[in-house]
Amino acid sequence: MNSISAFQNALIRWYERNKRDLPWRRTVDPYAIWLSEIMLQQTRVAAVIPYYERFLRRFPTPAGLAKAAEAEVLSMWAGLGYYSRARNLQKAAREIQAQGSFPKSYDAIRALPGVGDYTAAAVASIAFGLPHAVLDGNAARVLARLDDDGSDIKASPVRRRLQARAQELLDRKRPSLFNQALMELGATVCLPRQPLCAACPVAKMCLALEAGTHNELPVKGGQTAVHYVERIVVIVRKRESILMWRRGQDEPRLKGFWELPEPHMLPGVRLAEPLGEFRHSITNHRWFRWVSLKENARIPLSTTTRKALAVLRRTEEKNPPGKGPPQRRRVVVD
DNA sequence: AAGACGGGGCA
DNA sequence: TGCCCAGTCTT
């Protein structure tokens, strides 16, 4: 028994005894597994679970997803982030329907929009038992520590090396178990900070632990600087309706989402007292806005807009709008 | 090879 | 506040 099979066996045995009970681990449906992998891209398990269950109830098959209105798909995704995932998901569902069945090879899965190397390997291995190793953030961290590799794990050449290493370690007879075990180890034991090495099934083989560098790894290259933005959004209200605008399909972000107007969109608008403020973070941006608002319909609402509306709602609970003449109100989102 | 893309949770 | 998360796509 060589060291690779020792690694595989220790890892998989640990996984089978310690794995979390997650909804997508209870299915073998490639569609459901694919959906879970898309939702899990850069998104924590805890955030995904309720979305996954709701989405699958509403769209249990690719066919249903294919024929839905894009706005409804986006509504189901609202709050989860990275909305191009939802658009690509539906695009892919239409391709799957045109093909007649879910693609069954790595290359065919990889060709779907929104599916990159990681997701293709995950679906191919978990849904079809194909021997493709996954390299996500968890796996990269585990492998960098295992080999005491101080290279920048974001750099492309290093990425390729880690991918090759994962493929070398992969248990080709049990690719689904192996891949999930490696990721589970990263997610629950081989943590980014303060890894729980005492609980690690492969600690004996970990060169970083042996060298004492486990808390310094992995090395990640320069993060891009955040920049700060302040916005004011306005609540223009007619009885129970609020004026909103929809982002166009040529917008770089949040395409098709509804938002509150900003003052420059309403020439001559006179602003009333601010209703409140909130803070909101987007990957490389910090937005500050004043906001206000009320109810809305079945449309994709961006999270900033939801927060803005929540501010208004709280305001009006404390201070109900009087009968008198219509008031001009304003909300600011931060 | 960089940046952009959402959002939330945690030290 | 900064980092990280079952990444992908576009410059």
Side-chain angles (χ1 to χ4, degrees), chain A residues 15 19-20 22-25 33-52 74 77-89 91-92 109-127 132-142 152-160 163 166 176 178-188 190-195 215 218-228 247 251-255 257 259 278-287 300-307:
Chain A
Y15 175 69
K19 66 181 176 186
R20 293 168 290 177
L22 303 175
W24 44 89
R25 288 183 176 159
I33 290 166
W34 166 58
L35 172 66
S36 74
E37 293 299 343
I38 300 295
M39 287 187 163
L40 285 163
Q41 290 169 3
Q42 294 292 285
T43 310
R44 293 170 186 284
V45 165
V48 167
I49 290 174
Y51 281 86
Y52 171 82
L74 288 173
W77 206 274
L80 199 55
Y82 285 152
Y83 299 100
S84 66
R85 293 186 294 179
R87 278 183 294 272
N88 283 332
L89 193 78
K91 237 181 273 175
I109 297 166
R110 177 69 176 78
L112 295 171
V115 174
D117 293 341
Y118 163 76
T119 303
V123 174
S125 63
I126 297 170
H132 296 269
V134 297
L135 185 69
D136 70 330
N138 289 310
R141 182 171 59 253
V142 171
D152 172 8
I153 64 165
K154 311 209 78 167
S156 296
V158 180
R159 210 76 198 170
R160 281 190 289 275
Q163 175 73 58
S176 171
F178 179 90
N179 279 338
Q180 294 186 77
L182 192 61
M183 294 189 284
E184 188 81 347
L185 186 71
T188 64
C190 196
L191 303 171
R193 285 166 299 211
Q194 307 256 158
N215 283 317
V219 172
K220 298 182 95 162
Q223 314 286 330
T224 54
V226 306
H227 73 274
Y228 292 78
R247 287 176 171 272
E251 297 265 347
R253 75 189 84 178
L254 294 172
K255 284 185 266 290
F257 278 72
E259 305 227 77
F278 64 83
R279 178 168 311 218
H280 183 69
S281 300
I282 305 179
T283 309
N284 293 316
H285 307 259
R286 299 293 157 91
W287 300 53
L301 270 188
S302 65
T303 299
T304 50
T305 302
R306 290 165 193 270
K307 289 178 177 179

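Throughout, protein chains are lettered first and strands after them, A, B, ... in sequence-line order, and every chain is numbered starting at 1.
Heavy atoms of A/N179 sit nowhere under 4.0 angstrom from any nucleic acid atom. Within the nucleic acid shown, A/R141 comes within 4.0 Å of sugar-phosphate atoms alone, with no base atom in reach, counting heavy atoms only. The residue A/L80 sits close to a base: some heavy atom pair falls under 4.0 Å. The residue A/W24 sits close to a base: some heavy atom pair falls under 4.0 Å. Within 4.0 Å (heavy atoms only), A/L22 reaches at least one base atom of the nucleic acid. Residue A/G186 is out of contact with every strand shown, counting any heavy-atom pair closer than 4.0 Å. Within the 4.0 angstrom heavy-atom criterion, only backbone atoms of the sugar-phosphate kind lie near A/T119; the bases stay farther away.
With rounding to whole Å, A/Y82 atom OH is found 9 Å from C/dT8 atom C1'. The CD1-P distance, from A/I109 to C/dT8, rounds to 13 Å in whole Å. Across the protein-nucleic acid pair, A/L191 atom CG and C/dA6 atom C1' stand 15 Å apart, rounded to whole Å. Computed from coordinates, the A/W77 CH2 to B/dG7 P distance equals 13 Å when rounded to whole Å. The nearest whole Å value for the distance from the CG atom in A/L40 to the P atom in B/dG6 is 18 Å. Rounded to whole Å, atom P of C/dA6 lies 7 Å from atom CG of A/D136. Rounded to whole Å, the distance from CE on A/M39 to C1' on C/dT8 is 16 Å. Atom P of nucleotide C/dT8 and atom CH2 of A/W34 are separated by 13 Å, given to the nearest angstrom.
Between A/D117 atom CG and A/D136 atom CG the span is 12.5 Å, to the nearest 0.5 Å. Going from atom CG of A/L80 over to atom CD1 of A/I38 covers 11.5 Å, rounded to the nearest 0.5 Å. A distance of 6.0 Å separates OG in A/S84 from CZ in A/R87, rounded to the nearest 0.5 Å. Rounded to the nearest 0.5 angstrom, A/M183 CE and A/Y15 OH are separated by 8.0 Å.
Using a 4.5 Å cut-off on side-chain heavy atoms (C-beta onward), A/Y52 and A/L35 make contact. Inter-residue side-chain proximity for A/L22 and A/V45 is flagged as met; some heavy-atom pair is nearer than 4.5 Å. Taking 4.5 Å as the limit, every side-chain heavy atom of A/I109 sits out of range of all side-chain heavy atoms of A/W34.
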Grab the N/O contacts between the protein and nucleotides 9-11 of chain B below 3.5 Å, and write none if there aren't any.
none

Can you pull every protein N or O that's under 3.5 Å from an N or O on nucleotides 9-11 of chain C?
residue, atom, partner, partner atom, Å
C/dC9, OP1, A/G114, N, 2.5

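The shortest distance between the side-chain N/O atoms of A/Y83 and the OP1/OP2 oxygens of B/dG7 is below 4.0 Å. Distances shorter than 4.0 Å separate none of the side-chain N or O atoms of A/K91 from OP1 or OP2 on C/dT8. One finds no side-chain N or O of A/Q41 lying less than 4.0 angstrom from the OP1 or OP2 phosphate oxygen of C/dG7.
Formation of a donor-acceptor pair under 3.5 Å by the A/R110 side chain with backbone atoms of A/A120 is not found in this model.
In this structure, the side-chain hydrogen bond (donor to acceptor under 3.5 Å, both in side chains) partners of A/R20, at least two apart in sequence or on a different chain, are A/E184.
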Item to complete: Tell me, with the steps shown, if A/Q41 and A/Y82 meet side chain to side chain contact (heavy atoms under 4.5 Å, CB included).
Response: CA-CA 9 Å; A/Q41 290 169 3; A/Y82 285 152; 5.9 Å; no
Item to complete: Would you please test A/Y51 and A/T43 for side chain to side chain contact (heavy atoms under 4.5 Å, CB included) and show each step?
Response: CA-CA 11 Å; A/Y51 281 86; A/T43 310; over 6 Å; no
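With C/dC4, C/dT8, C/dA6 as the choices, the nucleotide that has an atom nearest any side-chain atom of A/E184 turns out to be C/dA6. Listed nucleotides C/dC5, B/dA1, C/dG7 differ in distance to A/S156; the shortest reach to its side chain belongs to B/dA1. The A/P157 side chain lies nearest to B/dA1 when the options are C/dA6, C/dG7, B/dA1.
For C/dA6 and B/dG3, the P atoms lie 24 Å apart once the distance is rounded to whole Å. The separation of C/dC9 from B/dG8, taken at their C1' atoms, amounts to 23 Å, rounded to a whole angstrom.
Put simply, the side chain of A/T43 and the base of C/dG7 share no donor and acceptor less than 3.5 Å apart.
When each of A/R160 and A/G81 is assigned the nucleotide of DNA chain B with its nearest heavy atom, A/R160 is the one assigned upstream, toward the 5' end.
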